[in-house]
*Asks:* 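A single structure is presented below for examination.
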Protein chains: 2
Amino acid sequence: MSERARTPYILLGLLCHEPMTGYELNATIQRTVGHFWQESFGQLYPTLKDLHARGLVSMSASAAGGRDRKVYTITDDGRAALFRWLAEPPQPSVVRSELLLKVFLASLGGVDDLRPHLEAAVRAANAQITHLTAVRAAVDAEPATEHQRRCWLLTVDLGLRSAEATRAWAERALSEGT
Amino acid sequence: MSERARTPYILLGLLCHEPMTGYELNATIQRTVGHFWQESFGQLYPTLKDLHARGLVSMSASAAGGRDRKVYTITDDGRAALFRWLAEPPQPSVVRSELLLKVFLASLGGVDDLRPHLEAAVRAANAQITHLTAVRAAVDAEPATEHQRRCWLLTVDLGLRSAEATRAWAERALSEGT
DNA sequence: CTTCCATATATCTGACAGATATGTCCGAAC
DNA sequence: GTTCGGACATATCTGTCAGATATATGGAAG
């Protein structure tokens, strides 16, 4: 686990609130930050193992009672590592838009191929707006401090603005498409 | 090279315009689609080798005259593969915003740590807007058809809208920050 | 009673970014 | 005239990560 890895920190961040299993961590990520952050089990489980080996989390396994279950709890070292990382300037995200690539390359094959892609983009943006509006409503229902809700709503807000910008762009491109 | 790989297609797309070396392909990518697509040499050179092995591009090496130089030209098979891919619906991009992750987790450590990150985001958005405005001006100077310019400008336009949305969001977050 | 879904863990493959290594050619400073 | 830096040019290696796959349990619906 080098400098660049970020999976450790989202896990440490969520474990600050309460101890969880890997499965629960994944579900929580999807529910709370799924609109701007994804994790996969292929990344999650090895990272938890590594975090445990480095003493940033502690683990309590309960194979008894049938179902496998490993509950992870953040340690003081883990909290320290997280806060150190949070203070560092965030690295710019690597963007790779397949939609825009196809728009750019559409100059090769005619705009007719492009229309379905733009229509799909409008539908996706609308779905995203619907989803984020529901998330925004859910945040208020969440048992959390006012400050926590404000930070969370901030992330939802940028998601909404981006989705709306994308929708407006795609609709304009469709109406202009000669 | 599986179904999911997209590096091959940007290379094929650019080689539709003119034969190029790997180095020139990288420079062209940065100049034309750098605002929404990046490539690295570690991905580019092996992909060109593979594309050649599969007969989607032809290669003409000229080690003579000192400097190494391999010029790649797209084949009919390459063009066919590209157009097949362009017709497929674009896969949604995986988003992973380190800035938003730190905003979300800021509920743990106080907003004071957040302000420098938001100020950096405003600066980055301004830089991006400046850059894309310059790109937009450069597109008109480019020797290309009207249709090509339209497709290209469309990608620049979404970049500008996104950057403006991000700037507005970050400025609002800063002014609201109690 | 079995089929389907949520819970739960784990590994493997392939895509990809970033770093590193190596070497040439050319123009400018010195 | 030579050395130094930057553009040109190729290539590989490491580590991060997404997605697919494998495996197994418990509970609810049918």
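Reminder, nothing fancy here: chain letters follow the sequence lines and each chain counts from 1.
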*Asks:* Taking it one step at a time, do K70(B) and T21(B) satisfy side chain to side chain contact (heavy atoms under 4.5 Å, CB included)?
*Replies:* CA-CA 6 Å; K70(B) 294 182 179 176; T21(B) 66; 5.9 Å; no
*Asks:* Under the side chain to side chain contact (heavy atoms under 4.5 Å, CB included) criterion, do L56(B) and D50(B) qualify, and how do the steps go?
*Replies:* CA-CA 9 Å; L56(B) 303 184; D50(B) 191 77; over 6 Å; no
*Asks:* Tell me whether the side-chain N/O atoms of T7(A) come closer than 4.0 Å to OP1 or OP2 in dT16(D).
*Replies:* no
*Asks:* How long is the line joining CG of D68(B) and C1' of dA21(C), in whole Å?
*Replies:*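 Answer to the nearest Å: 14 Å.
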*Asks:* Taking atom C1' of dA15(C) as reference, at what distance in whole Å does atom CG of L48(B) sit?
*Replies:* 16 Å
*Asks:* So which of residues 28-46 of chain B are in contact with DNA chain C, with a heavy-atom cut-off of under 4.0 Å?
*Replies:* Q38(B), E39(B), S40(B), G42(B), Q43(B)
*Asks:* Round to the nearest Å and state the distance from I10(A) atom CD1 to dC17(D) atom C1'.
*Replies:* 14 Å
*Asks:* Does R172(A) have more than 12 heavy atoms from other residues, nucleotides or ligands lying within 6.0 Å of its CZ?
*Replies:*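 Open.
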*Asks:* For the side chain of W152(A) and the backbone of T32(A), is there at least one donor-acceptor N/O pair under 3.5 Å apart?
*Replies:*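 Judged by distance alone, yes, a pair lies under 3.5 Å.
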*Asks:* Regarding E39(A) and T7(A), do their side chains bring together a donor and an acceptor under 3.5 Å, going by distance alone?
*Replies:*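 Yes, side-chain donor-acceptor contact under 3.5 Å.
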*Asks:* Would you tell me if any nitrogen or oxygen in the side chain of K49(A) comes within less than 4.0 Å of OP1 or OP2 on dT11(C)?
*Replies:*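 Yes, within the criterion.
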*Asks:* With side chain to side chain contact (heavy atoms under 4.5 Å, CB included) as the criterion, how do I10(A) and L14(A) come out once you've worked through the C-alpha distance, each side chain's angles and the decisive distance to 0.1 Å?
*Replies:* CA-CA 6 Å; I10(A) 174 108; L14(A) 294 180; 4.2 Å; yes
*Asks:* Check the pair H35(B), T155(B) against side chain to side chain contact (heavy atoms under 4.5 Å, CB included), reporting the backbone distance first and the verdict last.
*Replies:* CA-CA 9 Å; H35(B) 52 108; T155(B) 71; 3.4 Å; yes
*Asks:* Are R31(B) and E24(B) ion-paired here, with the side-chain N under 4.0 Å from a carboxylate O?
*Replies:* no
*Asks:* Rounded to the nearest Å, what distance is computed from the CD atom of residue E3(B) to the P atom of nucleotide dT13(C)?
*Replies:* 18 Å
*Asks:* Which whole-number value in Å describes the distance from N26(B) CG to dA11(D) C1'?
*Replies:* 14 Å
*Asks:* Taking only the side-chain heavy atoms of R4(A) (C-beta and beyond), determine which of dT10(D), dG15(D), dC17(D) contains the nearest atom.
*Replies:*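 For R4(A), the side-chain atoms sit closest to dG15(D).
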*Asks:* What about V71(A) and M59(A), same hydrophobic cluster or not, with Ile/Leu/Val/Met/Phe/Trp/Tyr joined at side-chain heavy-atom distances under 4.5 Å?
*Replies:* no
*Asks:* Quick one: which residue pairs count as a ring-ring contact (aromatic ring centres under 6.0 Å, His included) with a foot in residues 36-58 of chain B, not counting sequence neighbours?
*Replies:* F41(B)-Y45(B)
*Asks:* According to ring-ring contact (aromatic ring centres under 6.0 Å, His included), who are the partners of W85(A), at least two apart in sequence or on a separate chain?
*Replies:*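 Counting only residues at least two positions away or on another chain, W85(A) forms a ring-ring contact (aromatic ring centres under 6.0 Å, His included) with Y9(A).
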*Asks:* NE2 of H52(A) versus P of dT9(C): gap in Å, rounded?
*Replies:*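 Answer to the nearest Å: 14 Å.
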*Asks:* For DNA chain D, whose closest nucleotide is more 5', that of R6(A) or that of R69(B)?
*Replies:* R69(B)
*Asks:* Rounded to whole angstroms, how far apart are CZ on R67(B) and P on dA11(D)?
*Replies:* 15 Å
*Asks:* Heavy-atom count check: over 12 atoms from other residues, nucleotides or ligands less than 6.0 Å from D140(A) CG?
*Replies:*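 Check passes, neighbour count above 12.
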*Asks:* When the axes are fitted on five pairs at both termini, how much does the helix from dC1(C)-dG30(D) to dC30(C)-dG1(D) curve, in 10° steps?
*Replies:*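 So the angle between the two local helix axes works out to 20°.
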*Asks:* Check each residue of residues 13-22 of chain B for a non-hydrogen atom within less than 4.0 Å of any atom in DNA chain D, then write out the ones that pass by number, or none.
*Replies:* T21(B), G22(B)
*Asks:* Which pair of non-hydrogen atoms, one from H147(A) and one from A106(B), has the smallest distance, and what is that distance?
*Replies:* CE1-O, 3.5 Å
*Asks:* After noting the C-alpha distance and the side-chain angles of R161(B) and E164(A), does the key distance pass the salt bridge (Lys or Arg N to Asp or Glu O under 4.0 Å) rule?
*Replies:* CA-CA 10 Å; R161(B) 284 170 189 254; E164(A) 275 155 10; over 6 Å; no
*Asks:* Output the rounded distance in Å from CG (L11(A)) to C1' (dT16(D)).
*Replies:*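 Taking atom C1' of dT16(D) as the reference, CG of L11(A) is at 14 Å.
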*Asks:* Can you pull out the residues from residues 84-97 of chain B that lie within a 4.0 Å heavy-atom distance of DNA chain C?
*Replies:*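 Those residues: none at all.
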